[in-house]
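Here's the structure, in structure tokens; my notes come after.
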Amino acid sequence: MIRSVFVLVLGVMGVSAVAQKYSLEKANVSFFSHAAIEDITAENKKVSSIFNSESGEIVYSITINGFQFKKSLMQEHFNEKYMESDKYPKSTFQGKISGFDSNGKGVQQVKAAGKLTIHGVTRDVEIPGTIEKQDNKLVMKSKFMVKLEDYKITIPQLLWQNIAEQVEVTVDFSYKPQ
Amino acid sequence: MKKLVLSLSVLMFALSVAAQDDLMKELEQSQQSDTDYAFQTFKGTRLVNGHTVETKPKSTLEFIFAHRFGPINGGAYEMFGLDQAYVRYGLDYGITDNLSVSIGRNSVDKTSDGYFKYKVMRQSKGSRNMPFTMVLLGGAAYQFSPKKNAAPDGFENIDRLSYVGQLLIARKITPGLSLQLMPTLVHRNAVTQLIEKNDQLALGVGGRIKVTKSVAFTSEYYYRLDVPENSPYNNTFGIGVDIETGGHVFQLVFTNTRGLTERAFITQTDGDFADGDIHFGFNVTRTFQFGQKK
């Protein structure tokens, strides 16, 4: 009996040792909006994330006013009128990645399912992506569409410069073991 | 012994559940606190007639076309002021995100003006806490009126110059409400000594209330300190509506002054708002971006 307890304790320790957590080393989140008058892109490096490769759990948080636009006026409008970053300073995701094999090689197709919060609105989403193991690092990439309407992001009527109804978000994360 | 095994398994399970919930907390704790700067305390670089703490970001150029009609109490013969017009054309340019320069021409007294605006501090919260944004403004104006041969005896060209120094202090109190204080000194090289002073101090107050994301109400008042007793001039007051549409800001204003330089509207406002000497007018701006911001 003592032995089985010992094995179990060892097991518990083993599990916690294997439960490898990764945190961000480098990140780039960008979005692209294609519209009749002009295409708009913005990039953000103010991102933090933790990924647990054992359980597949992933969380990330993006600081909204960290999005850098080519035109400063657009950046002001983005914060002031669309995202209301005074009120909703962060966008977060909390979920689980399935399809990742921590011993696998090459680029793996994975899926993240969980809760995406933008502009104070939380929705259940499923986002496809890839993970590639490079030495002890993980590179995670994903591209998905966000419909502005889904997150109650309204375009002021007076602003007739065209904004697409949905924007393409590209996520490029590089993780290192914690 | 079985109990021990069971309780250990329960503990293990509990631990793994707790780990799920804690990942977000762990992330929040690992985040360094950034400095969040207040942006768009005001929509434009002008409040009504005077300046706001807003400067143009680096490499952006703003064209301002401002316009004041005659007084509304001019009656039907003057089409309630619409028959007359006073204009100012101007350009504001951001040399850095904190320093911008401005030039303009105002038809009132045929004045050419130039300003610099320097952001001394920016309102922020987070790791760096600043309660307000402070901007230093300096400007000079040269009036070409009166014409040389029409000028009184002894009137030199240097008498055409006036200067303004201003401290603009503003706080975006909530996303919808911003207030501004503007202690101001206007120096004029030549004045009518009996009714005016060369150095006129004034304290301005102003603010804006956002009605929708693109529309805001604004107001501005300059109180002149220690005014000569028999001064025929009034303190300037104005209210306005800001409408922002993409690269444009439209400001519709009602004010008791025609002038659009500090010399004119702070020291020589002849209209009395209460008597109906109200000028309708607008400021229209268009912003252009040169190069790409980095």
Side-chain angles (χ1 to χ4, degrees), chain A residues 1-2 4-5 7-9 11-12 15-16 19 21 23-24 37 46-52 54-55 57-61 63-66 68-77 79-82 84-87 89-90 92-94 96 115 154-163 178, chain B residues 1-2 4-6 8-9 11-13 15-16 19-32 34-40 43 54 56-60 62 94 97 125-126 172 174-176 210 212-215 243-250 287-294:
Chain A
M1 225 10 158
I2 299 265
S4 74
V5 169
V7 167
L8 194 60
V9 168
V12 172
V15 164
S16 57
K21 278 188 195 162
S23 60
L24 275 185
I37 294 178
K46 279 191 179 172
V47 185
S48 48
S49 172
I50 298 175
F51 173 52
N52 183 332
E54 184 61 24
S55 63
E57 288 164 71
I58 179 168
V59 292
Y60 71 61
S61 167
T63 306
I64 294 300
N65 68 18
Q68 296 292 320
F69 290 69
K70 290 193 179 104
K71 293 187 176 177
S72 30
L73 199 63
M74 274 183 190
Q75 193 164 326
E76 281 179 15
H77 289 164
N79 283 299
E80 180 86 1
K81 295 189 177 180
Y82 299 93
E84 300 173 85
S85 60
D86 274 339
K87 264 193 243 167
K90 297 224 152 93
T92 58
F93 178 78
Q94 188 166 17
K96 225 168 181 159
K115 293 184 184 319
T154 51
I155 298 165
Q157 278 180 340
L158 279 162
L159 214 77
W160 54 71
Q161 71 178 21
N162 270 351
I163 307 281
Q178 221 172 30
Chain B
M1 239 350 157
K2 256 191 187 152
L4 182 60
V5 173
L6 191 72
L8 265 174
S9 335
L11 184 69
M12 198 173 134
F13 179 71
L15 272 173
S16 71
Q20 278 179 26
D21 287 342
D22 280 343
L23 215 51
M24 201 60 172
K25 267 189 200 139
E26 196 183 323
L27 185 72
E28 276 160 14
Q29 278 161 10
S30 72
Q31 283 170 346
Q32 303 154 326
D34 294 323
T35 304
D36 279 342
Y37 290 103
F39 50 86
Q40 277 210 332
K43 287 190 190 296
E54 297 297 330
K56 296 314 289 178
K58 188 177 184 212
S59 305
T60 55
E62 180 179 78
D97 281 344
K125 58 180 190 216
K172 190 177 187 180
T174 69
K210 256 165 82 174
T212 71
K213 284 179 191 176
S214 300
V215 180
I243 303 163
E244 190 180 37
T245 65
H248 295 282
V249 178
F250 294 93
T287 298
F288 303 93
Q289 173 109 27
F290 291 105
Q292 295 190 343
K293 84 185 254 299
K294 265 280 154 244

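Looking at A:Thr63, only its side chain comes within 4.5 Å of chain B, counting heavy atoms on both sides. In this structure, no portion of A:Lys87 lies under 4.5 Å from any heavy atom of chain B. For A:Asn79, the parts lying under 4.5 angstrom from a heavy atom of chain B are both the backbone and the side chain. B:Lys56 does not touch chain A: none of its heavy atoms, backbone or side chain, sits under 4.5 Å away.
Using modelled atom types, no side-chain atom of B:Lys213 and backbone atom of A:Glu80 make a donor-acceptor pair closer than 3.5 Å. No donor-acceptor distance shorter than 3.5 angstrom exists from the side chain of B:Glu54 to the backbone of B:Lys43, with no hydrogens or angles considered. A:Gln94 places no side-chain N or O within donor-acceptor distance of the main-chain N or O of A:Lys115, the cut-off being under 3.5 Å.
In plain terms, the two heavy atoms of A:Ser48 and B:Leu27 that are nearest each other are C-CD1, 3.6 Å.
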